Amino acid sequence: MKFNKTLDKIKTYEAGKPIELVVREFGIEPDQVVKLASNENPLGTSPKVAEAIRANADKAHLYPDDSMFELKASLSRRFGVPEESLIIGAGSDQILEFISRAKLNEESSVLMSRVTFAMYSIYALQQGARILRTEDYRHRPDEFIPMMQAHRPDVVFLCTPNNPTGDATSREDLFAIIEAADPETLVVVDGAYMEYAAAKDPAYRIDPAEILRYPNAVYLGTFSKAYGLGGMRVGYGIARPEIIQALMKLRPPFNITTLSLAAAIAANEDEAFVQKSLQIHRQELPRYEAYARERGFEYIESYTNFITWLFDEERNSSEIADALLRRGVIVRDLASYGMNALRITIGTPEQNDRLFSAMDEVLG
Ligand SMILES: *Cc1c(COP(=O)(O)O)cnc(C)c1O
């Protein structure tokens, strides 16, 4: 059967492997599997979120409040931005999709880093757009600005901190790139891991309100990472009302569920849970840096809740990922991104112990 030609160029997104797969394939008990592959919050979710979901358990038959009034009010307070500047998506992924559909067609081009979030190119290819990439995985103004001037891309994706590399773009570099964009170029600042970068170094902290200074930029945030709601699918976009109104035309009604909405409101109000998550992360990340040094391999300095370990020719990331999987530890192999590297979510102290002892066995 023939399908839309744009699909020919798309490689299906490869999600992190689920716990269920390891249970099925290797007969390991579910509570013995350590999943450090999808950058979920290892502490789980706030107890207040679980409470809110339980309190709404008998409302499954009701559509959610489609205006998402309470969630928008809560986000508006948190970021100091007007409610007309907010859009809610089923994950920030859905807002990426709205952006591509709003701006792109067969004549369009998009610009992004050589190694970055895979969904940018997938959504762009769905629209038939051409993908342009920089040489470096880092977001360097001396690469982005000349390419923006030469190609006038319709959308530029800036992922800071960047996934799957874990590095971040300084405020200075990020604003230099945004300011150089043509007024018709929509600049997307994807801050899925911004909470981690902001906690690490203020020079890398971007506030959504700052993005509102620009008529052609949009900030994306998510509840899936630091806020521990990966399974509930809630993200948000922040931009000038003109951009939000365009994206709203593409939003299906009731695009997040009644339970997701209740969960996101509770999560957004529980700052203490996020602070605790950040604190455990700050304490555990150095163990991954020390392990790499001890074993003689490189890593990318991380501004996120994961670390990217880089191997030389003597080691093969796919083989290591496979050997870890057999031991019940799921990590993300970056071979499909053209890197001999592993991306590992920083877990709880116990999960990290398990990862290190499995790595010891694998490396010998
Ligand atoms: C996780 C992630 C997202 C969005 O995740 P959702 O669960 O769809 O909100 C967006 N961008 C990057 C870079 C991510 O890593």
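Hydrogens, waters and symmetry mates play no part in the numbers below; they use all other heavy atoms, side chains included. For clarity, every value in this text was computed on a predicted model and none was experimentally measured. Counting starts at 1 for both ligands and their atoms, in listed order. The first residue in the sequence is number 1, and the count goes up from there.
Two residues are said to be in side-chain contact when any heavy atoms from C-beta on lie closer than 4.5 Å; Val188 and Met112 fail this criterion.
Distances between N or O atoms of Ser224 and those of ligand 1 include at least one value under 3.5 Å.
Looking at Gln127, its side chain never comes within 3.5 Å of a backbone N or O of Ala124 through a donor-acceptor pair. Arg327 places no side-chain N or O within 3.5 Å of a backbone atom of Asp322 that could act as its donor or acceptor partner.
Heavy-atom distances between Cys159 and ligand 1 reach below 4.0 Å in at least one pair. The shell of residues lying under 4.0 angstrom from ligand 1, judged by heavy atoms, excludes Phe223. Residue contacts with ligand 1 include Arg233, since one or more of its heavy atoms lies under 4.0 Å from the ligand. Note on ligand 1: Gly235 sits outside its first shell, no heavy atom being nearer than 4.0 Å.
Contact annotation: for Ser92 versus ligand 1, heavy atoms closer than 4.0 Å belong to both the backbone and the side chain. With a heavy-atom cut-off of 4.0 Å, Asp190 touches ligand 1 through its side chain alone. Residue Gln94 does not touch ligand 1, judged by heavy-atom distances below 4.0 Å.
Using cut-offs of 30° and 60° for the angle between ring planes, the Phe79 and Tyr236 rings count as tilted. Classification of the Tyr288-Phe356 ring pair by plane angle, with boundaries at 30° and 60°, yields tilted.
Atoms of ligand 1 lying under 4.0 Å from at least one heavy atom of Asn163, given by number and element, are 13 (C), 14 (C), 15 (O). Counting the atoms of ligand 1 from 1 in the order shown, those under 4.0 Å from a heavy atom of Gly91 are 6 (P), 8 (O), 9 (O).
Inspection of the Asn255 and Gln94 side chains reveals an N or O donor paired with an N or O acceptor under 3.5 Å. Under the 3.5 Å distance criterion, with hydrogens and angles disregarded, a donor-acceptor pair is assigned to the side chains of Arg78 and Asn268.
Considering only non-hydrogen protein atoms, atom 9 (O) of ligand 1 sits nearest to Thr222 OG1, 2.6 Å. Protein heavy atom closest to atom 3 (C) of ligand 1, with residue, atom name and distance, is Lys225 NZ, 3.6 Å.
Annotation: cation-pi geometry satisfied between Arg343 and Phe306 (NZ/CZ under 6.0 angstrom from ring centroid, within 45° of ring axis).
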